[in-house]
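Take a look at the structure set out below.
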Amino acid sequence: MELNYGIIGTGAIGGFYGGFLAKSGKEVNFLFNSDFQHVKENGLKIDSSTGNFHLKQVNAYNKSEDMPKCDVVFVCLKTTTNHILKEMLPSVMHKNSVIIMIQNGLGIEKKLAKEFPDTSIAGGLAFVASSKIDKGHIAHYDYGSLTLGFYQKANDEVLNQVSIDLNNAGIECNCVEDLNLARWKKLLWNIPFNGVCVVLNAKTKELVSNEESRKLVSDLMYEVVEAANHCGAPLKTDAIDEMIDSTFKMKPYAPSMKLDFDFKRPMEIEAIYSNPVQEAKEAGYDMKVTSTIEKQLYFIQETYK
Ligand SMILES: NC(=O)C1=CN([C@@H]2O[C@H](COP(=O)(O)OP(=O)(O)OC[C@H]3O[C@@H](n4cnc5c(N)ncnc54)[C@H](OP(=O)(O)O)[C@@H]3O)[C@@H](O)[C@H]2O)C=CC1
Ligand SMILES: CC(C)(CO)C(=O)C(=O)O
């Protein structure tokens with residue numbers, strides 16, 4: 001099956017996955033924001049740990065209305081910008097389009113499904129370290145795999161083809177049955193590290209090197225496991241020590257929320273903290289430590305103004 005792709009939000013994630021697909025010969029239509037003119041004139045550069053490349057001809061757009069209809073749409077905006085999707089998505093969708101929300105956090109597909117109840121909606125969990133370092137210029141530092149799973153109106157044939165296309169493009173991609181479990185698994189890393197790196201103004205290595213902050217990370221991880229189980233995601237505690245040890249072995253890393261904080265951009269507090277806290281609460285579990293970090297993050301974000 002030949003699929004064409006649309007990328008809504010061509011930054012670190014959209015530029016990385018979309019860039020690899022385009023390099024492999026797939027039709028990829030990219031929606032740009034501030035980089036549009038630059039990319040029109042200079043193309044899109046990807047510096048990857050697996051080899052650098054430069055896409056000189058890019059299907060670049062600055063308005064979704066100008067884009068062709070796409071079989072598969074990767075939403076790679078920050079979740080803080082998702083309110084624009086209601087207006088933006090219809091022009092890139094046909095009746096069988098599959099929308100894949102490649103974003104961190106929880107409750108993202110649920111929110112979109114309220115606006116698009118008849119659309120095929122999937123989620124994507126990106127295990128990658130990348131960032132936009134300049135106009136039309138993405139740096140990929142490490143990892144790269146993508147996990148996909150349906151939220152509503154499953155179309156397994158299309159999702160499997162996306163996975164094949166990505167694998168052919170050099171990206172490790174797998175499809176899972178349980179998107180809720182996959183999202184909670186990702187939160188097991190994001191909840192302790194994304195926010196605590198902001199609150200303590202530290203990188204990952206510092207958090208796991210200090211006895212007190214390592215304990216905080218571990219407490220948060222145990223809380224995430226408990227919350228996940230209350231929310232129907234059978235997450236286990238086995239992975240916790242190994243996850244902390246592997247983060248210790250990683251190069252010191254600033255998670256995406258820490259970069260947002262450093263550049264005074266809105267942080268994804270709602271998707272990564274408030275939604276899990278709320279879902280756990282509705283399932284009868286109080287994520288006490290997580291909601292303390294959540295409140296501190298909202299306080300810090302207020303100080304931007
Ligand atoms: N970066 C990473 O390593 C990882 C990120 N994630 C998650 O992936 C998601 C995307 O993050 P990331 O790629 O890092 O974020 P970026 O900020 O790098 O990319 C978002 C892109 O959306 C664009 N955008 C913003 N508003 C609009 C608009 N109105 N119209 C069109 N485009 C718009 C931005 O434009 P402009 O270029 O002008 O800013 C930017 O290029 C987040 O949920 C994040 O948590 C998950 C795993 C790892
Ligand atoms: C786990 C990690 C670091 C990359 O996959 C991430 O999700 C982030 O930076 O927000």
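Quick note: residue numbers are just sequence positions, from 1. Just so we're clear, the structure is a prediction, and the values are computed from it rather than from any experiment. In listed order, ligands and their atoms are each counted from 1.
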Of all protein heavy atoms, the one nearest atom 43 (O) of ligand 1 is E268 OE2, 2.7 Å
- Check if M257 has a non-hydrogen atom at a distance under 4.0 Å from any atom of ligand 2. no
*asked:* I'd like to know if A129 contacts ligand 1, where contact means a heavy-atom distance under 4.0 Å to any ligand atom.
replied: yes
Exercise for review: Output yes when the distance from some N or O of ligand 2 to some N or O of A129 is under 3.5 Å, and no in every other case.
Suggested key: no
Within 4.0 Å of some non-hydrogen atom of K132, the atoms of ligand 1 are 36 (P), 37 (O)
The atoms of ligand 1 lying under 4.0 Å from a heavy atom of S256, numbered in the order shown, are 45 (O)
Looking at ligand 1, would M267 count as a contact under a 4.0 Å heavy-atom criterion? no
Short version for F16: what comes under 4.0 Å of ligand 1, heavy atoms counted, is neither
task: Look at ligand 1 and say whether F74 reaches it with a heavy atom at a distance under 4.0 Å.
output: no
### Donor-acceptor pair between D47 and H137 side chains, under 3.5 angstrom
yes
Of all protein heavy atoms, the one nearest atom 17 (O) of ligand 1 is K78 NZ, 3.8 Å
Atom 48 (C) of ligand 1: of N62, D142, V128, N33, the nearest heavy atom sits on V128
Would you say that S120 contacts I99 through its side chain, given a criterion of any heavy-atom pair below 4.5 Å between the two side chains? no
for atom 24 (N) of ligand 1, nearest protein heavy atom and its distance come out as L77 CD2, 3.7 Å
Check: Are side-chain N/O atoms of Q37 and N62 paired as donor and acceptor at under 3.5 Å?
Finding: no
Looking only at side-chain N and O atoms, does S91 offer a donor or acceptor that is under 3.5 Å from a partner on E65?
no
**Message:** Below 3.5 Å, N or O to N or O, backbone or side chain included: is there any such pair between K186 and ligand 1?
**Reply:** no
In ligand 2, the atoms that come under 4.0 Å of a heavy atom of A126 are 5 (O)
key: Common cluster, V75/I108, ILVMFWY with side-chain heavy-atom separation under 4.5 Å   = yes
To the nearest 0.5 Å, atom CG of L166 lies from atom CG of L21 at 4.5 Å
For atom 7 (C) of ligand 1, the closest protein heavy atom turns out to be N104 ND2, 3.7 Å
Legend entry - No-hydrogen, no-angle side-chain donor-acceptor test under 3.5 Å, S49 and Y143: no
So, N104 and K186: side-chain donor and acceptor under 3.5 Å apart, yes or no? yes
For residues 130-141, the salt bridge (Lys or Arg N to Asp or Glu O under 4.0 Å) pairs (sequence neighbours left out) are D35-K132, D35-K135
Closest to atom 28 (C) of ligand 1 by heavy-atom distance, out of T10, L125, I84, is I84
Check your understanding: Does a donor on one side chain sit under 3.5 Å from an acceptor on the other, for H54 and N42?
Key -> no
Within 4.0 Å of some non-hydrogen atom of F127, the atoms of ligand 2 are 5 (O)
Quiz question: by atom type and distance under 3.5 Å, do the side chains of Q161 and D165 form a donor-acceptor pair?
yes
In short, side-chain hydrogen bond (donor to acceptor under 3.5 Å, both in side chains) pairs touching residues 170-181 with sequence neighbours left out are T147-N174, N180-W184
Lys/Arg N to Asp/Glu carboxylate O, D118 vs K95, below 4.0 Å:
no
Do any nitrogen or oxygen atoms of W189 lie less than 3.5 angstrom from nitrogen or oxygen atoms of ligand 2? no
Under 4.0 Å between heavy atoms, the region of I13 that gets near ligand 1 turns out to be both
Under 3.5 Å between some N or O of ligand 2 and some N or O of P255? no
Notebook entry, point to check: Mind checking whether Y141 and M250 sit in one hydrophobic cluster, side chains of I, L, V, M, F, W, Y counted as touching below 4.5 Å?
Noted result: no
_With no hydrogens and no angle check, just 3.5 Å: does a side-chain donor-acceptor pair link T80 and E268?_
no
Check: Does a side-chain N-to-carboxylate-O contact under 4.0 Å join K249 and D245?
Finding: no
For atom 18 (O) of ligand 1, the closest protein heavy atom turns out to be A12 N, 2.9 Å
Contact region, I8 to ligand 1, non-hydrogen atoms below 4.0 Å, reads neither
Taking only non-hydrogen atoms of L31 and a 4.0 Å limit, the atoms of ligand 1 in range are 31 (C)
Honestly, for S34 the part within reach of ligand 1 (heavy atoms, under 4.0 Å) is both
Geometric cation-pi criterion K264 and F261, 6.0 Å radius, 45° cone
yes
| field | Steps toward side chain to side chain contact (heavy atoms under 4.5 Å, CB included) verdict (M1, E157) | value | CA-CA 9 Å; M1 189 194 317; E157 203 190 341; 3.2 Å; yes
Y253 heavy atoms within 4.0 Å reach ligand 1 at atoms 3 (O)
| request: Identify whether M67 and F36 are in the same connected component of the hydrophobic contact network (ILVMFWY, side-chain heavy atoms under 4.5 Å). | output: no
One finds that the ligand 1 atoms under 4.0 Å from a non-hydrogen atom of I102 are 8 (O), 9 (C)
The answer for which part of Q103 has a heavy atom under 4.0 Å from ligand 1 is both
So the atoms of ligand 1 within less than 4.0 Å of a heavy atom of T81 turn out to be 26 (N)
Looking only at protein heavy atoms, what sits closest to atom 23 (C) of ligand 1 is G9 CA, 4.0 Å
of all protein heavy atoms, closest to atom 10 (C) of ligand 1 is C76 O, 3.5 Å
Within 4.0 Å of some non-hydrogen atom of N194, the atoms of ligand 2 are 10 (O)
One finds that the ligand 2 atoms under 4.0 Å from a non-hydrogen atom of N190 are 1 (C), 6 (C), 7 (O), 8 (C), 10 (O)
Logged contact type for V128 with ligand 2, heavy-atom cut-off 4.0 Å, is backbone
Checking heavy atoms under 4.0 Å, the part of Y253 that sits near ligand 2 is side chain
